[in-house]
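See structure below.
Scope of the values below: all heavy atoms of this structure, side chains included, with no hydrogens, waters or symmetry mates.
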Amino acid sequence: MSNDVRTRFAPSPTGLLHIGGVRTALFCWLYARRHGGTFILRVEDTDRERSTPAAVQVILDGMEWLGLHADEGPFYQTERYPRYREVIRQWLAEGKAYHCYCSKDELEAMRNAQLARKEKPRYDGRCRARTGPVEGVTPVVRFRNPLEGAVIVDDAVHGKVVFQNAELDDLIIERSDGNPTYNFCVVVDDYDMKITHVIRGDDHLNNTPRQMNMLRAMGVEPPVYAHLPMILGPDGTKLSKRHGAVSVLHYREEGYLPEALLNYLARLGWSYGDQEIFSLEEMTRLFDIKDVNKSASAINPDKLAWINQQHLMKLSPARIAVELCWQLERLGVDASKGPALEPIVEAQRERSKTLKEMAQASRFFFEAPAAYDEKAARKNLNAETRPLLEQARAVLAELGDWSAPAIHAAIQALAEQSGAGLGKVAQPLRVAVSGGGVSPPIDRTLAILGREETLARVDRALAYAG
RNA sequence: GCUCCCAUCGUCUAGAGGCCUAGGACACAGCCCUCUCAAGGCUGGUACGAGGGUUCGAAUCCCUCUGGGAGCGCCA
């Protein structure tokens with residue numbers, strides 16, 4: 001096993017950290033972990049106008065919540081400007097780069113002319129051979145891209161992709177304001193950070209030949225590239241604020257577990273036979289880039305919810321309890337006063353897709369129903385059902401052992417002896433204690449709620465039933 | 001417009017020439033279980049974009065088309 005694998009996740013803090021970015025981060029992280037390598041976080045903030053500290057913090061918070069911890073970093077490109085200038089000065093001296101004095105208007109005219117000729121717009125290299133500066137013009141610096149030959153990207157997911165150098169142009173690496181540009185910074189960073197595997201979205205595939213040419217100008221052979229397919233919204237179109245493009249932290253608020261989100265995201269583009277549910281440990285053991293597919297995939301909220309539930313049912317009640325507590329607080333429920341959370345988790349997890357749902361459905365354990373569900377009350381808390389509910393109350397009040405099995409036996413006995421059936425006894429009790437027609441099995445529900453609280457609520461229901 | 005990428009059920013995917021009358025999962029429908037809701041079990045429907053090749057044989061290889069997507073910035 002090679003121990004020198006180094007991957008990096010390089011988000012730009014110009015938007016929010018969404019699903020697509022998280023999946024990229026996950027694959028970088030998994031690959032590094034799988035090979036005992038190093039995972040690096042690098043913030044690409046060279047766009048000084050759009051990058052904000054708040055956006056950086058959102059990325060950091062998101063990574064923290066997901067548990068995708070970086071072994072090195074976060075590094076910030078804005079802190080590396082001296083290094084970029086150093087490389088540019090060197091390239092200028094070596095003739096690998098040159099000053100370009102073309103004005104924006106001139107470039108615009110060039111572009112329009114090319115478009116009119118149905119050509120791909122690109123810089124024609126007119127300043128390549130210029131020997132002296134132009135009065136009053138602050139130049140940009142361009143990389144001298146090879147004119148001939150081809151660049152072959154041997155992509156780990158796409159296979160060999162060939163680009164003709166003739167299709168590429170001399171890209172700007174330093175703006176007229178002296179700031180370096182993205183493609184150049186990436187190259188210097190990947191070189192300095194000794195990145196061995198560049199795993200990123202396939203929207204970068206077209207940038208790769210340029211970066212490879214610059215890497216070679218630095219004197220090294222490029223790393224392994226792996227371009228991941230895009231993630232689309234539920235409707236199969238590009239992710240936008242309307243559907244999938246929300247901050248990862250939004251998923252926390254909606255009650256998803258990081259384990260589940262990561263599991264779901266891993267299965268978007270990656271597979272291991274027919275297996276659907278993976279723990280993080282399993283994923284790191286099983287993940288391989290060769291099992292990543294090439295086509296874009298759409299987010300499926302239903303499946304994410306299902307996977308979330310699978311994890312809710314699998315993880316330890318103690319772990320889930322912590323998350324449930326957080327959700328209850330968000331609902332304004334004080335979970336410190338009331339029954340223990342772990343039994344509630346065990347009673348609720350197979351009937352909750354999310355922690356948010358679980359919290360909502362568990363609210364009644366902490367607060368007596370303020371009102372009864374109209375339909376459920378009409379059917380179960382009326383003059384007709386009242387006698388049986390009264391008997392149930394009496395039986396429960398006399399019960400020696402307040403445990404689920406004992407409660408079950410008592411209710412069962414009452415049902416048999418009255419000939420009404422278990423539902424006729426359980427359902428009125430359910431409405432009485434929970435306020436509605438849905439709850440975990442009545443015996444477990446009452447056991448969790450406690451005798452005192454149960455009887456008090458039944459009394460209130462009896463009063464309501466008249 | 002040019003360059004590059006992609007193409008199996010509604011969705012996520014298995015499939016690396018014969019094991020495919022195409023398998024699994026989500027969702028959906030029905031049934032079973034059942035004190036509600038779930039969970040679970042069983043059953044069912046729906047897919048290899050089109051056309052040409054190669055081959056004894058193609059979802060799998062090649063070509064064309066079609067349809068999606070990305071890039072072509074002094075954005076990242």
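Across all strands shown, B:C37 has no partner, as no Watson-Crick or G-U wobble contact with both distances under 3.5 Å is found. B:A7: Watson-Crick or G-U partner is B:U66, with both key distances under 3.5 Å. Across every strand in view, B:C28 sits in a pair with B:G44 that passes the Watson-Crick or G-U test at under 3.5 angstrom. Base pairing analysis places B:C61 opposite B:G53; the two distances defining the Watson-Crick or G-U wobble pair are each below 3.5 Å. B:C72 is paired with B:G1 under the criterion used here, namely a Watson-Crick or G-U wobble arrangement in which both key atom distances are under 3.5 Å.
For A:K104 and A:E108, the salt-bridge test fails: no basic side-chain N is under 4.0 Å from an acidic carboxylate O. The existence of a salt bridge linking A:D169 and A:R210 is confirmed by a sub-4.0 Å separation between a basic side-chain nitrogen and an acidic carboxylate oxygen.
For B:A14, the base has no donor-acceptor partner in the side chain of A:D274 [N/O atoms by modelled type, under 3.5 angstrom]. Evaluation of atom-type donor-acceptor distances gives no pair under 3.5 Å for the side chain of A:R122 against the base of B:C72. No hydrogens or angles were tested; on distance alone, nothing pairs the side chain of A:E350 with the base of B:G40 as donor and acceptor under 3.5 Å.
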Got a list of protein N/O to nucleotides 61-67 of chain B N/O distances below 3.5 Å?
none

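The CE atom of A:M313 sits 11.0 Å away from atom CZ of A:R351, with the distance rounded to the nearest 0.5 Å.
Side-chain proximity of A:Q427 to B:C35, B:C12, B:U3: nearest is B:C35. With B:C5, B:A76, B:C2 as the choices, the nucleotide that has an atom nearest any side-chain atom of A:T181 turns out to be B:A76. With distances taken from any side-chain atom of A:F163 to the nucleotides B:C4, B:U13, B:G73, the minimum falls on B:C4.
Across all strands, A:V161 comes closer than 4.0 Å only to sugar-phosphate atoms, never to a base (heavy-atom distances). Using a 4.0 Å heavy-atom distance criterion, A:E357 is classed as making no nucleic acid contact. Within the nucleic acid shown, A:N207 comes within 4.0 Å of at least one base atom, counting heavy atoms only. Residue-level contact check: A:D45 touches neither bases nor backbone, having no heavy atom under 4.0 Å from any strand. No contact: A:G421 has no heavy atom under 4.0 Å from any strand.
An OP1 or OP2 oxygen of B:A76 is reached within less than 4.0 angstrom by a side-chain nitrogen or oxygen of A:T46.
Residue order along RNA chain B, read from the 5' end via each residue's closest nucleotide, puts A:M230 first among A:A10 and A:M230.
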